[in-house]
There are 2 protein chains.
Amino acid sequence: MPSDRNIRLSDIAAIAGVSLSTASKALNGGDRISEETRARVREIAERLDFQPNALARSFALGRSRTIGVLTYRAASTFAGPVLIGAVLQLGELQQASLVFDEDLLVPREITNSIRELQARRIDGLLVVGDGHERVSPSVTHHFSVPVTYAFAASDHLDDVVYLPDNEGAGRRATRHLIERGRTRIAHITGTAGSIAVQLRERGMRAELTAAGLQQAGPTRFGTWASDSGADAMSALLDSGAEIDAVFCGNDHIGLGVLGVCQARGLRVPEDVAVVGVDNWEGVVLDQSTRRLTTVDLELHRLGRLAAADVLAPDRTPGEHLVPPTLVLGPSS
Amino acid sequence: MPSDRNIRLSDIAAIAGVSLSTASKALNGGDRISEETRARVREIAERLDFQPNALARSFALGRSRTIGVLTYRAASTFAGPVLIGAVLQLGELQQASLVFDEDLLVPREITNSIRELQARRIDGLLVVGDGHERVSPSVTHHFSVPVTYAFAASDHLDDVVYLPDNEGAGRRATRHLIERGRTRIAHITGTAGSIAVQLRERGMRAELTAAGLQQAGPTRFGTWASDSGADAMSALLDSGAEIDAVFCGNDHIGLGVLGVCQARGLRVPEDVAVVGVDNWEGVVLDQSTRRLTTVDLELHRLGRLAAADVLAPDRTPGEHLVPPTLVLGPSS
DNA sequence: TGAGGCTGCGAAAGCGGTTTCGCGCTGGGG
DNA sequence: CCCCAGCGCGAAACCGCTTTCGCAGCCTCA
């Protein structure tokens, strides 16, 4: 049962025998008030479980304690975790989220969503992309509040952007394999056009070069499915390439590669070590059944960081890369 | 660039040469106003792109246009989609979401989250569970606004609850196999204690009974991982059971079963048809690489329905089961 | 012709806080 | 002893919209 009627600040003031303004200052830590009075008011507020009406407060202060969230295909596999991380972080910061899912890639006028966000006097805006396409045109200039982009760059260089560190993922995986003593590392990945693929490849090459190694055979592109990974692995082995490790574009490919190894009697990780990307097993399985070492892009964390950034006092323009983490499994 | 200063209703009123109250009535469709005046005011508001200050409006009306969302492990695999569906639906209904992730399973006092939700004068509350545990104790009585439970029952029978129809999922899968002419259908699933498992099993049995069939062999329990499914399938075949179809507790198990079929030279779906649950491939893959027929529990939709329910004028207490959908794949 | 009802509009009181600013009181220094 | 600075407090304005209710004017009908 919620309390009969909500307690107002005026009730507290009356009981404490002070004015409204004094009571307000007492609770909000204003100056020009004695410690005794402050303590007395606070004690009474505490005792009555006083909760100031957030609506009145927002109205008076002109701050809504609401962050607008503009998403693009938020229900998709990768954008989903970013959005979840964001709304959870916003909740922890006592901010409501006003989420609108839109097509962020078309040139647009001021949409109804943007108008609604403005009318609601949001305190900041978080734009969550789909991880692939650049948000264009940037929506920043429609707002006078901080705007942060998560999981997608915008077409405006001064925007604050949070992205997974795909190059770092390539480096991390490769470094791990090198540390495990591997010297003939192959690369099987997804669609060649993907920017993520290109960045991971660059990271892999950088790390190989730093170690004075050559990639084992050319990078094999395909789809992101395990069948594609299996096919590529079979072709790779059939070509007679000598390999002792494979860096895979994602975990599905990795599992496909694992299947081929098993079928051909190659021991994992003794003969061939395998590393994937996405930590897909971590999402769905308990750790005891993990089969793959993988690089986790930390999408939840990405969402949280970007959300916190919107409210941060010191924001720095440009791209912020979220470091991936290596998740060890039995495949390396 | 956001407009210099926001237009107020008083500006509109001044330009239209009417009072504030008249302008308000004109825009909000109040009665006691002539059509000419209404049209004139509206025309001016339109022309100036007037957006009433939502903060002031909320304050005056005492409605926040914010729905509280209490989640439990929102970042988990299954609760995530429910939460995403919910916040997207709320956005479409122009409602902000105030999300707090908490442990909903412990007996609790009024937590800070609940206090904050009350202070914010939320218009309704959505409780998102983890799909397994019953929310206990029910939080309904802490609020004077509508409370809806999604993806978890509460311990209070009058609460409004939205759940996936696990029994329906078992029935749907089984009916599909029967329609495909299968008569010796086995069941391989996850942990025996799970309520979802029990319900799906019940659905399967109901459909078998209705068709005058017997289940092929006893239900085999295990974990939710593909290895477990593969082991169970091997054991099943080794036991000499004659089967022409398998209903699998989830898609991982299904994929494990598929692997065994392939290894043993069983043709799918000619010799053995396989159906899973969760539509895991749909989440992560494009349809061209789908391998499994599956039953989708429609968790996004569950979240959307529950969210819409919070704001619905006519709410009916009790459990609402969200019908699953069959997603056809090459395995049946 | 006068009473009464109906229509269209506006003045004003709210919603519940925050914040400015003025005033009385006290104490210390000249 | 008087003056003034500074401290503590409260009156009142303000945030922008909604809603009640009274009033003026007009129409209708007896």
Side-chain angles (χ1 to χ4, degrees), chain A residues 3-42 44-45 48-66 94 116 118-123 144, chain B residues 3-42 44-45 48-66 94 116 118-123 144:
Chain A
S3 55
D4 2 317
R5 194 180 58 57
N6 286 308
I7 301 162
R8 287 189 288 275
L9 182 59
S10 59
D11 298 331
I12 304 294
I15 295 173
V18 298
S19 74
L20 222 56
S21 32
T22 302
S24 175
K25 274 182 290 193
L27 297 179
N28 297 332
D31 53 354
R32 294 195 157 230
I33 188 171
S34 72
E35 275 311 315
E36 306 95 89
T37 308
R38 182 193 303 283
R40 181 159 42 95
V41 173
R42 289 205 164 158
I44 290 170
L48 297 192
D49 193 26
F50 169 65
Q51 298 277 105
N53 183 329
L55 264 42
R57 204 153 204 273
S58 278
F59 176 49
L61 296 178
R63 276 184 279 112
S64 57
R65 297 173 65 85
T66 297
Q94 316 245 15
E116 171 75 8
Q118 288 167 345
R120 296 275 287 232
R121 304 291 192 273
I122 53 167
D123 294 340
S144 53
Chain B
S3 55
D4 1 318
R5 195 180 56 59
N6 286 309
I7 301 164
R8 287 188 288 275
L9 182 58
S10 59
D11 298 332
I12 304 293
I15 294 173
V18 298
S19 73
L20 219 58
S21 34
T22 302
S24 175
K25 273 184 291 196
L27 297 179
N28 297 332
D31 53 352
R32 302 252 196 147
I33 188 170
S34 72
E35 274 313 312
E36 306 94 88
T37 308
R38 181 192 304 282
R40 183 157 42 93
V41 173
R42 289 205 164 161
I44 291 170
L48 297 192
D49 191 28
F50 170 65
Q51 299 276 106
N53 183 329
L55 265 41
R57 202 155 207 271
S58 278
F59 176 49
L61 295 178
R63 278 185 276 114
S64 58
R65 297 171 66 81
T66 297
Q94 316 244 21
E116 172 74 8
Q118 289 168 343
R120 296 275 287 232
R121 302 295 193 272
I122 54 167
D123 294 340
S144 53

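Note that the structure is predicted; figures quoted are calculated from it, not measured. Quick note on labels: first sequence line is chain A, next is B, and so on, each numbered from 1.
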Student: I want to check something: taking the side chain as every heavy atom from C-beta on, are B:L27 and B:L9 in contact at a cut-off of under 4.5 Å?
Tutor: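 Yes, side chains in contact.
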Student: If you fit an axis to the five pairs at each end of the helix from C:dT1-D:dA30 to C:dG30-D:dC1, how big is the angle between those two axes, to 10 degrees?
Tutor: 60°
Student: Would you compute the distance between atom CZ of B:R57 and atom CZ of B:R63 and round it to the nearest 0.5 angstrom?
Tutor: 8.0 Å
Student: For nucleotides 13-18 of chain C, read 5' to 3', which letter fits each nucleotide if B means a protein heavy atom sits under 4.0 Å from the base, S means only the sugar-phosphate is that close, and - means neither?
Tutor: --BBBB
Student: Counting distance only, does the side-chain N/O of A:R38 pair as donor-acceptor with the main-chain N or O of A:A26 below 3.5 Å?
Tutor: yes
Student: Considering only heavy atoms from C-beta outward, does the side chain of A:V18 approach that of A:T37 to under 4.5 Å?
Tutor: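 Answer yes - side chains close enough.
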Student: For B:I33 and D:dT20, what is the distance between atoms CD1 and C1' respectively, to the nearest whole Å?
Tutor: 15 Å
Student: Does B:T22 place a side-chain N or O at less than 4.0 Å from the phosphate oxygens OP1/OP2 of C:dC9?
Tutor: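 Result: no.
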Student: How long is the line joining CZ of A:R32 and C1' of D:dC9, in whole Å?
Tutor: 10 Å
Student: Main chain of B:G62, side chain of B:R121: is a donor-acceptor contact present, judged purely on distance under 3.5 Å?
Tutor: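 It does not hold such a pair.
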Student: OP1 or OP2 of D:dC7 less than 4.0 angstrom from a side-chain nitrogen or oxygen of A:S34, does that happen here?
Tutor: no
Student: Determine yes or no for a side-chain-to-main-chain donor-acceptor pair under 3.5 angstrom, with A:R120 supplying the side chain and B:Q94 the backbone.
Tutor: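 Looks like yes, one N/O pair under 3.5 Å.
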Student: Across the strands shown, which category fits A:T37 at heavy-atom distances under 4.0 angstrom: base, sugar-phosphate, nothing?
Tutor: sugar-phosphate
Student: Do A:I15 and A:L48 touch side chain to side chain, with heavy atoms closer than 4.5 Å?
Tutor: yes
Student: Taking CD from A:E35 and C1' from D:dG8, how many angstroms apart are they, rounded to a whole number?
Tutor: 12 Å
Student: For A:S24 and A:L20, indicate whether the former's side chain and the latter's backbone hold a donor-acceptor pair under 3.5 Å.
Tutor: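 Answer holds: no.
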